[in-house]
Amino acid sequence: MLPAVLCIGVFRSTAVDGGLDPVMHRSALVVAWFQDTAAVPSGEDADPALRGVDWDALALDREL
């Protein structure tokens with residue numbers, strides 16, 4: 001059985017590829033996870049699996 005709360009986070013940052021123009025490019029990643037409570041995960045209190053998401057491997061660079 002899955003935990004009761006489905007969370008979907010949309011995260012944005014600078015481009016992963018350092019060769020891209022930092023003014024014209026950003027990276028983004030959508031992550032979905034389940035948790036037991038509706039509390040927003042934050043900092044050290046967030047689940048280690050969520051904190052351990054490999055941004056560089058999973059985020060996609062996009063041109064603005």
- Task: Could you note down all residue pairs passing side chain to side chain donor-acceptor pair (under 3.5 Å) where residues 39-60 supplies at least one of them, sequence neighbours left out?
- Result: Ser27-Trp55
- Item | side chain to side chain contact (heavy atoms under 4.5 Å, CB included) involving Glu63 - partner list, sequence neighbours excluded | Met24, His25
Give every donor-acceptor pair under 3.5 Å between a side-chain atom in residues 30-39 and any protein atom, sequence neighbours left out.
from  : atom 1 : to    : atom 2 : distance (Å)
Trp33 : NE1    : Gln35 : OE1    : 2.9
Gln35 : NE2    : Thr37 : O      : 2.8
Gln35 : NE2    : Ala39 : O      : 2.7
Thr37 : OG1    : Ala39 : N      : 3.4

- Other cluster members, Val40 - Ile/Leu/Val/Met/Phe/Trp/Tyr, side-chain contacts below 4.5 Å: none
What pairs of donor and acceptor atoms, side-chain ones from residues 7-21 against any protein atom, are under 3.5 angstrom apart with sequence neighbours left out?
from  : atom 1 : to    : atom 2 : distance (Å)
Asp17 : OD1    : Gly19 : N      : 2.8
Asp21 : OD1    : Val23 : N      : 2.9

